[in-house]
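Following: one structure in structure tokens, then a few remarks.
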Protein chains: 2
Amino acid sequence: MTKGSDPLRATVRNHIRSLRFAASEMTQQDLANRIGVSRQTLNAIEGEKYSPSLEVAFRIARVFGKPLEEVFTCQFEAAPPRKRPK
Amino acid sequence: MTKGSDPLRATVRNHIRSLRFAASEMTQQDLANRIGVSRQTLNAIEGEKYSPSLEVAFRIARVFGKPLEEVFTCQFEAAPPRKRPK
DNA sequence: ACGCCGTGTCAAGAAAAGTTGACATCTGCG
DNA sequence: CGCAGATGTCAACTTTTCTTGACACGGCGT
């Protein structure tokens with residue numbers, strides 16, 4: 001991945017933080033435990049430093065009892081903007 | 001990931017092959033190009049040698065015009081079976 | 001003031017995902 | 001037959017994801 005050659009750029013977003021608060025103020029540590037990843041990893045995912053593996057994504061969705069696409073969304077933007085499409 | 005310590009084991013399955021045939025006999029190479037990954041990578045994913053990144057998963061679903069959960073599914077099994085739960 | 005908890009972040013390293021290039025097999029077609 | 005396309009697979013390598021351990025910072029309760 002991460003090749004300048006392909007037409008569509010994909011960006012993955014997530015609603016983990018709000019879901020976590022909605023779920024009786026669950027802490028990052030708690031969630032991380034339930035998912036089966038480290039606290040730092042969850043922190044990075046939640047903060048969108050990188051996107052998780054599909055498996056981890058499924059696990060997260062499961063904890064919240066929501067379909068994956070309600071936790072993670074993907075936007076496809078056209079041609080890598082020179083400046084940012086106004 | 002891949003820790004023996006967590007309670008639920010997750011296995012990811014996919015319907016890429018059938019979708020690919022349904023889509024006018026699209027070849028692995030074609031699909032790989034449209035997704036933006038190599039033919040070998042797609043082959044591995046399709047054959048479930050490993051599960052893709054969330055981003056690639058979204059890209060695949062997009063090509064087929066289906067929601068991600070219709071292309072990839074996740075099963076959670078309890079306690080790592082000694083033999084396979086009858 | 002002090003400790004504690006939740007969070008953000010860094011570094012170093014292991015593991016998984018993805019890359020290229022090569023080669024084997026199988027099918028279908030001239 | 002001979003050849004081309006589609007697929008499966010291997011090896012070596014890069015990049016991304018995930019791990020542990022550490023430390024800093026901002027509340028908040030006592």
Side-chain angles (χ1 to χ4, degrees), chain A residues 1-64 68 71-72 74 76 80, chain B residues 1-64 68 71-74 80:
Chain A
M1 282 298 322
T2 306
K3 287 262 303 184
S5 54
D6 44 88
L8 281 327
R9 160 163 301 179
T11 32
V12 178
R13 325 262 347 279
N14 74 75
H15 307 290
I16 298 178
R17 182 140 226 150
S18 34
L19 288 166
R20 199 157 56 74
F21 279 98
S24 47
E25 304 283 327
M26 180 185 273
T27 100
Q28 289 188 342
Q29 182 69 75
D30 288 338
L31 181 52
N33 291 149
R34 299 187 56 184
I35 294 165
V37 299
S38 67
R39 182 183 72 79
Q40 290 88 330
T41 294
L42 176 65
N43 183 287
I45 294 170
E46 183 172 310
E48 290 171 355
K49 305 223 165 160
Y50 51 71
S51 49
S53 67
L54 183 55
E55 188 178 321
V56 168
F58 269 120
R59 298 176 91 108
I60 295 175
R62 185 189 146 90
V63 168
F64 293 123
L68 194 149
V71 181
F72 297 92
C74 194
F76 296 94
Chain B
M1 281 299 322
T2 306
K3 284 264 301 184
S5 53
D6 44 86
L8 281 324
R9 160 163 300 178
T11 31
V12 178
R13 324 256 358 275
N14 74 76
H15 308 289
I16 298 180
R17 183 142 229 150
S18 34
L19 288 166
R20 200 157 56 75
F21 279 99
S24 46
E25 303 283 328
M26 181 185 272
T27 97
Q28 288 188 342
Q29 182 70 76
D30 289 338
L31 181 52
N33 292 148
R34 300 187 56 184
I35 293 165
V37 299
S38 69
R39 183 183 71 80
Q40 291 87 332
T41 295
L42 177 66
N43 183 287
I45 294 170
E46 182 171 311
E48 292 172 352
K49 306 222 161 152
Y50 51 71
S51 49
S53 66
L54 182 57
E55 188 179 320
V56 168
F58 269 120
R59 298 176 90 109
I60 294 175
R62 183 190 146 88
V63 168
F64 292 124
L68 195 148
V71 182
F72 297 92
T73 59
C74 195

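Not measured: the values here are computed from a predicted model. A, B, ... follow the sequence lines: proteins, then strands. Residue 1 opens every chain.
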What residues form a side chain to side chain contact (heavy atoms under 4.5 Å, CB included) with B/Y50, not counting sequence neighbours?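 Per chain and number, B/Y50 pairs via side chain to side chain contact (heavy atoms under 4.5 Å, CB included) with B/T41, B/A44, B/I45.
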
Side chain to side chain contact (heavy atoms under 4.5 Å, CB included) with B/A61: which residues, sequence neighbours excluded?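 For B/A61 the side chain to side chain contact (heavy atoms under 4.5 Å, CB included) partners, ignoring immediate neighbours, are B/L68, B/V71.
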
Consider the side chain of A/P52, meaning its heavy atoms from C-beta on, and name the nucleotide among C/dA17, D/dC18, C/dT19 that approaches it most closely.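 Looking only at heavy atoms from C-beta outward on A/P52, the closest nucleotide is D/dC18.
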
Could you work out how much the helix from C/dA1-D/dT30 to C/dG30-D/dC1 bends, comparing the axis of its first five pairs with that of its last five, to 10°?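 About 30°, once rounded to a multiple of 10°.
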
Gap between atoms OH and P, on A/Y50 and D/dT19 respectively (whole Å):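 Value for this atom pair: 7 Å.
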
What is the distance from CD of A/E55 to P of D/dC18, rounded to the nearest Å?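 Answer to the nearest Å: 9 Å.
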
What is the distance from atom CD1 of B/I16 to atom CG of B/L31, rounded to the nearest 0.5 Å?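 That separation rounds to 7.0 Å.
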
Considering only heavy atoms from C-beta outward, does the side chain of B/F72 approach that of B/S51 to under 4.5 Å?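 With C-beta onward as the side chain, the pair stays apart.
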
I need the residues from residues 11-27 of chain A with at least one non-hydrogen atom less than 4.0 Å from DNA chain D; give them sorted by number, or say none.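 None - not one residue of the stretch has a heavy atom sitting under 4.0 Å from the strand.
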
Pairing residues for B/R17 by the salt bridge (Lys or Arg N to Asp or Glu O under 4.0 Å) criterion, not counting sequence neighbours: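 For B/R17, the residues satisfying salt bridge (Lys or Arg N to Asp or Glu O under 4.0 Å) (neighbours in sequence not counted) are B/E46.
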
By salt bridge (Lys or Arg N to Asp or Glu O under 4.0 Å) - contacts of B/R13 (at least two apart):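 B/E48.
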
Do any side-chain nitrogens or oxygens of A/S51 fall under 4.0 Å of OP1 or OP2 in D/dT17?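 For D/dT17, OP1/OP2 do have a side-chain N/O of A/S51 under 4.0 Å.
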
Can you sort out which residues in residues 39-48 of chain A have a heavy atom within less than 4.0 Å of DNA chain C? Ascending by number, please.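 The stretch gives A/R39, A/Q40, A/N43 as the residues lying under 4.0 Å from the strand, ordered by number.
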
With sequence neighbours excluded, tell me which residues meet side chain to side chain donor-acceptor pair (under 3.5 Å) with A/T27.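 Partners of A/T27 under the side chain to side chain donor-acceptor pair (under 3.5 Å) test: none.
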
